[in-house]
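Heads up: numbering here begins at 1 and tracks the sequence. The structure presented is a predicted model; accordingly, all values stated were derived computationally and were not measured.
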Amino acid sequence: MIGAEAADGPESRSRAELGPELPAVRLAPRLAQFAAVARLEHVTQAAALLGVPQPTLSRAVARLEEELGVDLLARQGRTVRLTRAGRLLLASVERALAEVERGAEAARAEADPATGRVAFGFLHTMGTDAVPALLRGFRAAHPQVRFQLVQDYGAAMLERLRAAELDLCLVSPLPDDPAFVARPLDEQRLHLVVPADHRLAGRRRIRLGEVAEETFVGLERGYGLRAITEGFCAEAGFVPRLAFEGEEAETLRGLVAAGLGVALLPPALVPRPGVVELEVTAPRTRRAIGLAWAAGRPLTPPVTAFRDFVLSRRGRLLQHD
């Protein structure tokens, strides 16, 4: 929720008010025409430059003067000279037009097929191996496409996707919301991670119900893996007792190594001392990982290209798994 102070902040105050009767709205269409006449000091030449009939341009500038209630140009035969008021207005108009041009160039650059930008979000557990592999593979054919990378938990990424702060995101579980399009890519095994000196550490496989009385460590509420863990435990007939909550899978692995509980986690890419990972045979502890984007929102060419590349990796996203 945005408080009153945030809503009335500097950014908000710097925006021009909008409405049919406000000066900025009424004057904007004629300002570039005025600038052309002022630069060339010649109405006919300005009309040719803009590709409009000379009478049309003359009427537009006259309407601008009428709106402002001040003479902007002094007519001298076929040429014109700026009045003092005209010079003051032109200085502001030139700055405004330059800013518009910078904005237009930024918008064009964002969508450039070769050098545009992709805002891509992904789960923390995807950042070590899967995402770098995706980026490396994509940039082999698109070396100049730029990326804004965001690591976050699933619900937060979906909110950023909804707000157009992200173009695409890797999530788990996949959203069941008509505001998003989601495509499954792969399944990831989740292992039960126990301390190396745990009573079950000598086992290779386990049924999840066998640890119903154990203390768990897990991710905070709102994280997809937390909800998935609770769902699997419910299938096994119990509610996990969480002693510690964190934001990173590797932090949880460290807590397990310290003997503070057990956890249901994706496989470690590098073996972690002090823990043992057990395969869970019942229930089938796998989580679906997929790609999501906003439904009905056009994608720029670089975003489309990256989306299609990621979708082409279906079934191979987690080759290390």
Stepwise side-chain contact (heavy atoms from CB on, under 4.5 Å) check, V211 with F216:
CA-CA 9 Å; V211 292; F216 276 69; 3.9 Å; yes

Would you list the atom pairs, donor with acceptor, under 3.5 Å between side chains in residues 159-170 and any protein atom, with sequence neighbours excluded?
unit_1, atom_1, unit_2, atom_2, d
R160, NE, E165, OE1, 3.2
R162, NH2, D177, OD2, 3.3
D167, OD2, A119, N, 2.8

Residues 251-262 side chain polar contacts: donor-acceptor under 3.5 Å, at least two apart:
unit_1, atom_1, unit_2, atom_2, d
R253, NE, E250, OE1, 3.4
R253, NE, E250, OE2, 3.1
R253, NH1, E277, OE2, 2.6
R253, NH2, E250, OE2, 3.3
R253, NH2, P266, O, 2.9

Within the distance-only criterion (no hydrogens, no angle test), does the side chain of H142 pair as donor or acceptor with the backbone N or O of V145 below 3.5 angstrom?
no

Non-hydrogen atoms of P283 and L208 that approach each other most closely
CD-CB, 3.9 Å

T125 versus R287, side-chain donor and acceptor atoms under 3.5 Å
yes

For residues V217 and L225: do they belong to one hydrophobic cluster (side chain heavy atoms under 4.5 Å, members Ile, Leu, Val, Met, Phe, Trp, Tyr)?
yes

For P273 and P271, work out which heavy atoms get closest and say how close.
CD-O, 3.7 Å

Roughly how far, to the nearest 0.5 Å, is the CD atom of E105 from the CD atom of E110?
12.0 Å

I need the full list of side chain to side chain donor-acceptor pair (under 3.5 Å) pairs touching residues 297-318, with sequence neighbours left out, sorted by first then second residue.
none

List the residues meeting side-chain contact (heavy atoms from CB on, under 4.5 Å) with E245, not counting sequence neighbours, and say none if there are none.
E220, R226, L242

Applying side-chain contact (heavy atoms from CB on, under 4.5 Å), run through I206 and E279 and close with a yes or a no.
CA-CA 6 Å; I206 189 174; E279 181 183 344; over 6 Å; no

Is it possible for you to say whether F238 and V194 belong to one hydrophobic cluster, with membership spreading through side-chain heavy-atom contacts below 4.5 Å?
yes

Spacing of CG belonging to L192 relative to OG1 belonging to T285, to within rounding of 0.5 Å
8.5 Å

Using the salt bridge (Lys or Arg N to Asp or Glu O under 4.0 Å) rule, take E94 and R39 through it: C-alpha gap first, then chi angles, then the decisive distance, then the call.
CA-CA 10 Å; E94 294 284 20; R39 289 171 185 174; 2.6 Å; yes

For the atom pair CG (L73) and CZ (F34), what is the distance rounded to the nearest 0.5 Å?
6.0 Å

Under 4.5 Å between side-chain heavy atoms, hopping through other hydrophobics if needed: is there a path connecting L265 to V131?
no

Sole candidate of L90, V93, V100 that passes side-chain contact (heavy atoms from CB on, under 4.5 Å) when paired with L31
V93

Is it true that R108 and E101 make a salt bridge, defined as a side-chain N closer than 4.0 Å to a carboxylate O?
yes

For L318 and M126: C-alpha separation, side-chain torsions, deciding distance, then whether side-chain contact (heavy atoms from CB on, under 4.5 Å) applies.
CA-CA 9 Å; L318 306 173; M126 299 285 100; 3.9 Å; yes

Could you check whether any side-chain N or O of S172 sits under 3.5 Å from a backbone N or O of A288, counting only pairs where one atom can act as donor and the other as acceptor?
yes

ring-ring contact (aromatic ring centres under 6.0 Å, His included) partners of F309, counting only residues at least two apart:
F138

Quick check against the 3.5 Å criterion: does S58 have a side-chain atom that pairs as donor or acceptor with the backbone of Q54?
yes

More than 12 non-hydrogen atoms from neighbouring residues, nucleotides or ligands closer than 6.0 Å to CZ on R84, yes or no?
no

When hydrophobic residues are tied together by side-chain contacts of less than 4.5 Å, even through go-betweens, does V52 share a cluster with V37?
yes

Side-chain (D186) to main-chain (L317) donor-acceptor, under 3.5 angstrom
yes

More than 12 heavy atoms of other residues, nucleotides or ligands under 6.0 Å from CZ of R207: yes or no?
no

Which heavy-atom pair separates G116 from P302 by the least distance, and what is that distance?
CA-CG, 3.8 Å

For the CG atom of L264 and the CD1 atom of I228, what is their distance to the nearest 0.5 Å?
9.5 Å

Could you grab the distance from atom CG of L174 to atom CG of L291, nearest 0.5 Å is fine?
9.0 Å

A side-chain contact here means heavy atoms from C-beta on lying under 4.5 Å apart; do R63 and E67 qualify?
yes

With the side chain counted from C-beta on, respond yes when L278 and R204 share a heavy-atom pair under 4.5 Å apart, and no when they do not.
no

H198 side-chain N/O to L200 backbone N/O, donor-acceptor pair under 3.5 Å
yes

What about V181 and L311, same hydrophobic cluster or not, with Ile/Leu/Val/Met/Phe/Trp/Tyr joined at side-chain heavy-atom distances under 4.5 Å?
yes

As an exercise, state the distance from CG of L269 to OG1 of T128, rounded to the nearest 0.5 Å.
5.5 Å

Is a side-chain donor or acceptor of T215 paired with a backbone partner of A243 at a separation under 3.5 angstrom?
no

Look only at the side chain of E65 and the backbone of L72, and say whether a donor-acceptor pair between them is shorter than 3.5 Å.
yes

Heavy-atom distance under 4.5 Å between the side chains of V150 and Q148, does that happen here?
yes

Evaluate the salt bridge (Lys or Arg N to Asp or Glu O under 4.0 Å) criterion for residues R221 and E230: first the C-alpha distance (whole Å), next the side-chain angles of each, then the deciding distance (0.1 Å), finally the verdict.
CA-CA 10 Å; R221 290 199 178 277; E230 291 177 341; 3.3 Å; yes

Contacts of Q76 that satisfy side chain to side chain donor-acceptor pair (under 3.5 Å) - sequence neighbours left out:
none

Stepwise side-chain contact (heavy atoms from CB on, under 4.5 Å) test for V280 and L190:
CA-CA 8 Å; V280 181; L190 300 178; over 6 Å; no

Closest contact, heavy atoms only, F232 versus R284:
CE2-O, 3.5 Å

E41 and A38 have their tightest heavy-atom pair at CG-O, 3.5 Å

State, yes or no, whether a side-chain contact exists between L50 and Q33 at a heavy-atom distance under 4.5 Å.
yes

Quick one: are E247 and Y223 in side-chain contact, heavy atoms under 4.5 Å?
yes

Result of checking R205, R203, R199 against E210 for salt bridge (charged side-chain N to carboxylate O under 4.0 Å, His left out)
R203

Is the centre of the F147 ring less than 6.0 Å from the centre of the F306 ring?
yes

What is the minimum heavy-atom distance between A292 and L158, and which atoms define it?
CB-CD2, 4.5 Å

